[in-house]
Structure formats: structure tokens, C-alpha cells
Number of protein chains: 2
Amino acid sequence: MAARQRTRPTIYDVAREAGVSTATVSRMLNDTGQIAPATREAIEQAIERLGYLPNTIARSLVTKSTQTIAFLLPDITNPFYASLVSGIQQVALESGHTMLLCTTEGDPERELEYLNLLRAKQVDGALMDGLVVPPERIAQFVADGFPIVCLDRDVRSRSVPLVQVDNKLGARLAMEHLLGLGHRRIAHIEGAPELRISAQRLGGYREALAAAGIREDPRLVATGRFSEDGGYEATRELLGRDVSFTAVFAANDLSAIGAINALTQSGLRVPEDVSVIGFDDLRLSAHTIPPLTTIHQPAVEIARRATEILIDLINGRRVRKLRYLLEPTLVVRSSTAPAPRRRRGRGDP
Amino acid sequence: MAARQRTRPTIYDVAREAGVSTATVSRMLNDTGQIAPATREAIEQAIERLGYLPNTIARSLVTKSTQTIAFLLPDITNPFYASLVSGIQQVALESGHTMLLCTTEGDPERELEYLNLLRAKQVDGALMDGLVVPPERIAQFVADGFPIVCLDRDVRSRSVPLVQVDNKLGARLAMEHLLGLGHRRIAHIEGAPELRISAQRLGGYREALAAAGIREDPRLVATGRFSEDGGYEATRELLGRDVSFTAVFAANDLSAIGAINALTQSGLRVPEDVSVIGFDDLRLSAHTIPPLTTIHQPAVEIARRATEILIDLINGRRVRKLRYLLEPTLVVRSSTAPAPRRRRGRGDP
DNA sequence: TGGCCGGGAGTAAGCGCTTACAGTAAGCGC
DNA sequence: GCGCTTACTGTAAGCGCTTACTCCCGGCCA
């Protein structure tokens with residue numbers, strides 16, 4: 001009723017207004033201990049009248065829990081990470097947690113800085129993706145009692161779990177699709193070399209080549225850094241290298257989109273002249289021209305699983321399984337087609 | 001040196017270790033008051049030895065500042081919002097703030113729930129975009145001492161500033177481009193009707209039509225809800241309505257991409273048969289096939305400006321200007337072309 | 001009738017910091 | 001030698017909660 005005062009009401013005000021002690025109010029708020037119906041009623045009314053909102057900072061100081069988790073990632077501008085955020089948010093909300101977003105831009109100092117900041121802020125735990133901090137540091141944070149779950153790399157330590165798609169398998173799936181269409185000269189647009197997942201996808205590319213008895217041509221891989229621009233540039237470089245290829249396996253959808261653009265600009269048709277396959281299966285990829293053939297990652301599933309595990313860790317539950325490798329699947333759309341009979345350029349036996 | 005104990009060292013431990021009082025340690029940490037060099041040294045060493053990290057929760061309890069801001073938005077999956085997040089993050093980091101991300105999925109209850117949660121968490125202030133809470137509620141939070149700055153709508157109240165692009169102008173720019181190319185029958189794919197920016201862009205569409213002396217045909221607008229799928233469906237609906245059009249102005253790039261897909265699938269060529277223009281200028285839009293003509297929004301600039309204002313508000317500075325309408329610009333790429341001589345279908349005089 | 005039990009409530013001690021307020025000692029001008 | 005700064009430091013009172021401990025009282029059983 002009264003005009004809002006500058007300083008918000010505290011639990012003392014509520015207690016006084018309801019004619020009980022703060023302990024009773026606290027018990028009611030947290031639903032611990034028994035409260036007589038009449039008392040409960042009085043407190044509820046006092047809260048209503050005062051417009052009281054508990055100060056969770058004060059609560060955290062004593063309970064040592066902030067109900068906050070953090071998600072550290074290099075670049076929110078990549079829609080794949082955005083999907084992860086969605087998934088995390090869902091689970092977090094369900095369990096009453098709120099999410100701090102920390103973008104590191106791939107800067108190792110900033111990662112460390114954030115990690116320390118999060119500790120200082122008494123954040124309950126963190127999800128990390130695409131980070132480059134050395135595993136030992138991560139393990140140390142965990143040893144210090146700060147739960148972490150990784151979304152991209154295996155910190156070989158009990159108590160820091162990993163949830164990710166099986167990247168190598170995904171890459172093989174992509175390659176087998178291309179190989180099955182008769183492609184022999186397949187280029188790869190690598191992600192960001194410093195990230196594990198790049199190496200894993202590159203590894204799958206190589207394995208598939210080897211399994212098909214094709215010798216790898218180093219001129220056929222270029223770095224696209226997981227972005228549209230990077231994919232575009234990498235493709236132009238590939239084109240300029242004067243080696244022929246009839247297909248490109250891009251490390252992610254964004255760079256595949258850049259690749260298609262570069263190819264098209266060079267007068268090459270996708271998929272008639274060159275097939276392109278991506279990785280991620282962004283929502284967007286169903287709408288590119290041509291719609292992108294790609295490897296589907298269950299982003300929301302990954303995020304949910306990881307967040308659930310993190311919350312288990314926070315609640316002191318032991319996690320049984322340390323590594324969750326989810327299965328990627330091939331999604332065939334229109335950016336891939338059988339290898340053309342005649343290849344452009346020379347160089348292929 | 002010693003094995004990390006389960007409970008982290010506090011300022012008392014540091015004080016004891018350094019042989020000073022906690023007040024002195026605190027003063028050194030916060031750089032307030034003068035400290036003798038020798039004392040400073042001793043404290044620094046104690047901190048180092050103990051691996052001490054100040055507990056910001058305890059600090060917040062007394063200072064009443066959490067150095068945390070929140071960003072509320074409907075959907076992080078939209079790359080435009082992701083760009084905003086990037087911009088916010090930059091400024092926030094510079095000023096030592098960390099960012100809580102809250103996605104509301106356009107659910108009004110969840111918005112309110114979040115707003116209350118943020119208050120309870122003593123968050124210093126919030127940035128809001130794409131929300132549907134009634135303006136009075138927002139104004140009330142502000143009156144309660146919770147700084148808010150909006151990124152999309154004008155809460156007519158001193159003390160809740162607005163930073164956004166001039167949407168109506170942007171829409172007019174888009175339309176004038178189309179009109180200038182000779183298009184007369186222009187469809188519009190609307191955003192999400194409940195959001196202000198949709199109405200503003202639709203308003204610009206209408207104004208431009210009126211200014212060109214063209215009567216608006218209600219059959220020419222369909223709702224795309226700002227997404228690829230929505231744009232796709234809206235376009236199919238438009239196509240199915242049996243009204244002719246030679247151009248479509250989509251409320252954002254995502255729905256423009258969906259539109260191009262639908263058009264292409266129907267055997268129409270973009271831009272030869274139908275021109276398409278978007279709004280946002282996502283990084284991606286330079287790489288679509290064909291590269292998208294669109295209206296550029298200075299996303300990072302918007303985000304930075306808004307965050308700076310929020311921080312000013314938090315620091316108790318009066319903001320001089322309440323509304324910042326940034327200028328959109330036309331970016332011509334290849335998805336628009338002069339209107340074809342013969343239009344498909346009938347219906348146009 | 002006495003002893004026990006348990007529902008319901010209060011007291012007060014922190015949680016880990018910051019910050020008025022209050023010194024103390026050295027330095028300085030006269 | 002005295003009083004007044006100035007530079008530095010300590011004491012202790014909170015910040016707004018939670019939570020052991022205690023306590024009270026009515027009911028119930030033997």
C-alpha cells in the first residue's frame with residue numbers, strides 16, 4: 001500500500017508485520033519445518049502487503065549455493081552454440097538455476113579470467129565448450145570443488161564429464177556419403193585447428209579416405225575456422241590451388257555455406273559440379289539454396305544431458321558415466337549428388 | 001602449498017596469515033585508503049600462499065551491487081539477438097559486469113517470473129528485447145529501483161530508455177529500393193504481430209506503398225514470425241493465395257531466407273522472377289544464394305549503446321537522452337532486381 | 001498424576017565481507 | 001615541547017538470511 005521505499009523490505013520487516021520471528025518466516029519461505037496454518041496465513045499476508053522478495057544474495061551467503069551456472073563458449077554468434085544455450089536454459093530453469101553466459105572469443109586469458117570470476121561469484125558450476133585452457137587447469141578447478149562439464153573435449157579426470165557428439169563418426173558418415181556417390185577427390189574445410197573437435201572431424205576425414213584406399217592430398221584441406229567467411233576464403237584458396245576436387249566436406253554448416261557461395265561465384269554449380277556437405281544441421285541449413293546435406297547433431301539433447309549432469313554434480317551426486325558420445329546422423333538434402341563424370345581441372349589419375 | 005581444503009580461505013585467513021586486520025586486507029583489495037608498502041607486500045604474499053579469492057557474494061551483501069546485468073530476450077537462436085549478446089558482453093566485460101541470459105520464448109509469465117527472479121538475485125539492471133510484458137509493469141520495476149533499458153519498444157516513462165534502429169525508416173528504405181526497381185506488387189512477410197518491431201516494419205511498408213500511390217492489398221501480407229520456417233510457410237501461403245507479386249519484403253533476414261527457399265521450390269527464380277529483400281543484415285546474409293539484399297542494423301552498436309546507458313543508470317547517473325533511434329542502411333546484394341516485364345499470374349492491372 | 005513426545009515457535013550465532021569510527025605514531029611548524 | 005596533521009591500522013557493527021538449539025505446551029500413556 002505505502003509508497004515503495006527506496007530500501008526494500010527484509011525478512012525482519014515481514015516478521016514484525018506478521019508478529020512472528022524471522023526464523024518462522026524463513027521456515028515458511030523454504031518450506032522446512034512445520035508452521036501452524038494461522039501463522040502461515042499471517043506471514044503470507046505480511047509478504048503481500050510489503051511486497052517482500054527474499055534477498056537471494058544473503059541466502060547464498062549462508063547456504064553456499066547461488067543457483068547459478070555458467071556457460072563458457074567462444075562465440076555466441078554461431079547458431080550451433082545458440083542451440084546449446086537453448087537446451088541449457090531449459091534444464092536450468094526447470095531446476096531453478098539461472099545461467100551466466102561467458103563468451104571468450106577463443107582468448108585463453110579471458111577464459112581463465114572468467115573461470116576465476118565465476119569462482120569468486122560462487123557460481124555453482126560451469127559448462128564449457130570450445131575452450132583452450134589446458135586440461136590440468138580445468139581439473140584443478142574441479143579439484144577445488146568447482147563442478148565443470150565439458151562439451152567438446154575429454155579432460156581425463158574422474159569428475160569432469162564429457163558430453164558430445166561422436167565427431168569422428170560424424171565425419172566418417174559424411175565421407176562415406178560422398179564416397180558412396182562416387183567422389184574420390186574430396187576437399188576438407190577444417191574448423192579451428194586449436195579446437196579438439198576440428199581434429200576429430202579431420203581425423204574422421206582421414207580415416208574414411210584411408211578406408212577407401214585413397215591417399216590423402218594435403219593440398220585438399222584448408223582452414224575455415226567454422227565461419228561463413230572462413231569457409232568462403234578456404235574454398236577460394238582451394239580453387240586457387242589448382243587441384244581438382246568434386247566434393248567438399250566442411251567442418252560445419254556455416255563454413256559449408258561460405259563454400260557454396262565461393263563455388264557459385266566461381267561459376268561452379270552445387271551439386272552438379274561440386275557436392276558440399278556440412279556438419280551440425282543448423283535449422284537454417286534446410287533453407288539454404290541448395291538445401292544443405294549435413295551431419296545432424298542433437299544439440300538440444302547434448303545441452304540437456306550436460307546440464308543434467310552438471311546439476312547432479314552440484315548436488316553432490318556421483319556421476320556414473322563420464323563420457324557421453326551421442327550419435328550423429330546423416331541428413332541428405334540437395335547439396336550433394338553423384339560425382340560428375342568429367343572433372344574440372346587436371347591432377348586426378 | 002598445502003592441499004586445498006574443502007572450504008576456501010576467507011579474508012580472515014588472509015588477515016591472520018599477513019598479521020593484519022581484515023579491514024586492511026579489504027582496503028588493499030578494493031584499493032581504498034592507504035597501505036604501507038610493507039603491509040601490502042605481506043598481504044599479497046598471504047593471498048598468494050593461500051590461493052585466496054574474495055567472495056563476491058559476501059561483498060555484494062554489503063555493497064548492494066552484484067556487478068551483474070541481465071539480458072532478457074525471446075530467442076537466442078535468432079542470430080540477430082546473438083549479435084546483440086556479443087555487443088552487450090563486450091561493454092559488460094569492460095566495466096566488470098557479468099551477464100545473465102534469460103530466454104523467455106515469448107511467454108509473458110516467464111518474463112515476469114524472470115524479472116522477479118532477477119530482483120531477488122539483486123541483479124544490477126536489465127536489458128530487455130522482444131518482450132511482451134505490459135509497459136506499466138516495466139515502469140514499475142524501474143520505479144522500484146531496478147534499472148531497465150529496452151531495445152525494442154518505448155515504455156513511455158522517464159528513466160526507461162530505448163535504443164533501437166529506426167524500423168519504420170528501414171522498412172521504407174527497403175520498399176523504396178523495390179519501388180525504385182519498378183516493383184508495384186510487393187508482398188510483406190510480417191514478423192511476430194505481438195512485437196512492436198513487427199508493427200513498425202509493417203507500418204513502414206504501408207507508408208511507402210501509400211507514398212507511391214499504391215493501394216495496399218491485404219492478401220499480400222502473411223505472417224512469418226521472424227523465422228526461416230515461418231518465412232517459408234508464409235511464402236507458400238502467399239503463393240497459394242493466387243495473387244501476383246514480383247517482390248517480397250521480409251521482416252527479417254531469416255524469414256527472407258525461408259521465402260527464397262519457398263520461391264525456388266516453386267520454380268520461381270530469385271531475383272529474376274521475384275525480388276526478395278530482408279532486414280537485419282546477418283553475417284550470414286552475405287553468403288546466401290543469391291546473396292541477400294537487406295537493411296543493415298548496427299547490432300553491435302545498438303547493444304553497446306544500450307549497455308552503456310544501463311551502466312550509467314546503475315551508477316546513478318541521469319541519462320540525458322531517452323530514445324536512441326539508430327539509422328538503418330540499405331545493403332544491395334543480388335536478391336533484388338528490376339521488376340520483370342511480364343508478371344506471373346493475373347490480378348494486376 | 002507424572003513423564004514423554006512432538007508440533008510449533010523463538011533466540012542468537014554466524015556466512016564473508018565493508019566501512020564508520022577510533023586510535024596511534026611520526027612529522028612538522030612555532 | 002606542544003598541538004596539529006598525516007599516514008596507516010584496528011575494532012566492531014552490520015548486510016539479510018539460515019539454522020542449530022532451546023523452549024513451551026498440550027496430549028497421551030501407564
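To find a chain, count down the sequence lines: A is the first, B the second, and so on, and within it residues start at 1. Values below: every heavy atom of this structure, side chains too, minus hydrogens, waters and symmetry copies. Note that the structure is predicted; figures quoted are calculated from it, not measured.
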To the nearest angstrom, how far is [X] atom [atom1] from [N] atom [atom2]?
{"X": "B:Q34", "N": "D:dC8", "atom1": "CD", "atom2": "C1'", "answer": "8 Å"}
{"X": "B:K64", "N": "D:dC15", "atom1": "NZ", "atom2": "C1'", "answer": "5 Å"}
{"X": "A:L61", "N": "C:dT18", "atom1": "CG", "atom2": "P", "answer": "12 Å"}
{"X": "B:M28", "N": "C:dC17", "atom1": "CE", "atom2": "C1'", "answer": "15 Å"}
{"X": "A:I35", "N": "D:dT18", "atom1": "CD1", "atom2": "P", "answer": "12 Å"}
{"X": "B:I11", "N": "C:dG14", "atom1": "CD1", "atom2": "C1'", "answer": "17 Å"}
{"X": "A:Q67", "N": "D:dC17", "atom1": "CD", "atom2": "P", "answer": "16 Å"}
{"X": "A:R59", "N": "C:dG14", "atom1": "CZ", "atom2": "C1'", "answer": "17 Å"}

Set of salt bridge (charged side-chain N to carboxylate O under 4.0 Å, His left out) partners for B:E44, sequence neighbours left out: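 Counting only residues at least two positions away or on another chain, B:E44 forms no salt bridge (charged side-chain N to carboxylate O under 4.0 Å, His left out).
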Can you identify which nucleotide, out of C:dG16, D:dC8, C:dG8, has its nearest atom closest to the A:A36 side chain?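 Of the candidates, C:dG8 comes closest.
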Where the side chain of B:S21 is concerned, which of D:dG10, D:dC8, C:dC17 is the nearest nucleotide?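 Side chain of B:S21 sits closest to D:dG10.
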Side-chain N or O of A:Y52 closer than 4.0 Å to phosphate OP1/OP2 of D:dC17: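 Checking D:dC17 against A:Y52, a side-chain N or O does come within under 4.0 Å of OP1 or OP2.
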Any B:S60 side-chain nitrogen or oxygen under 4.0 Å from OP1 or OP2 of C:dC17: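 Indeed not, no polar side-chain atom of B:S60 lies that close.
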If I take atom CG from residue B:L112 and atom OG1 from residue B:T104, how far apart are they, to the nearest 0.5 angstrom?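 Between B:L112 CG and B:T104 OG1, I get 11.0 Å after rounding to 0.5 Å.
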For a side chain to side chain donor-acceptor pair (under 3.5 Å) with B:K121, tell me which candidate from A:N55, A:T56, A:T68 qualifies.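 Among A:N55, A:T56, A:T68, the one that satisfies the side chain to side chain donor-acceptor pair (under 3.5 Å) with B:K121 is A:T68.
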Need one value for A:T56: base, sugar-phosphate or nothing, where a base atom within 4.0 Å counts as base even if backbone is also close, heavy atoms only.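 Contact class for A:T56: none.
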Is it the case that more than 12 heavy atoms not belonging to B:R119 sit under 6.0 Å from its CZ atom?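 Yes, enclosed.
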Give a yes-or-no answer on whether the side chains of B:S86 and B:S83 include a donor-acceptor pair shorter than 3.5 Å.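 Per modelled atom types, B:S86 and B:S83 side chains form no pair under 3.5 Å.
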Could you identify the nucleotide paired to D:dG3, looking across every strand shown and requiring Watson-Crick or G-U wobble geometry with both distances under 3.5 Å?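 Checking every strand shown, D:dG3 finds its partner in C:dC28, with both distances under 3.5 Å.
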Could you tell me which nucleotide pairs with D:dC24 by Watson-Crick or G-U wobble geometry, both distances under 3.5 Å, or answer none if nothing does?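 Per the H-bond distance test, C:dG7.
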Would you tabulate the pairs of protein nitrogen or oxygen atoms and nucleotide nitrogen or oxygen atoms of nucleotides 19-27 of chain D closer than 3.5 angstrom?
none

Heavy atoms only: give me the nearest A:S159-A:L322 pair and the separation to one decimal.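 Smallest interatomic distance, heavy atoms only, reads N-CD2, 3.8 Å.
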Closest heavy-atom contact between A:A46 and A:V14?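 Scanning both residues completely, I find the closest heavy atoms to be CB-O, 3.8 Å.
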Heavy-atom donor-acceptor pair, A:T103 side chain to A:L73 backbone, under 3.5 Å: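 No, A:T103 side chain to A:L73 backbone: no donor-acceptor pair under 3.5 Å.
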If you take any heavy atom closer than 4.0 Å to DNA chain C, which residues from residues 113-121 of chain A end up in contact?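 Contacting residues: none.
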Test side chain to side chain contact (heavy atoms under 4.5 Å, CB included) applied to B:D144 and A:R8, step by step: CA-CA 9 Å; B:D144 273 14; A:R8 308 194 50 84; 3.7 Å; yes
Given B:Q67 and B:D124, is the side chain to side chain contact (heavy atoms under 4.5 Å, CB included) satisfied, shown in steps? CA-CA 6 Å; B:Q67 296 291 101; B:D124 292 342; 4.2 Å; yes
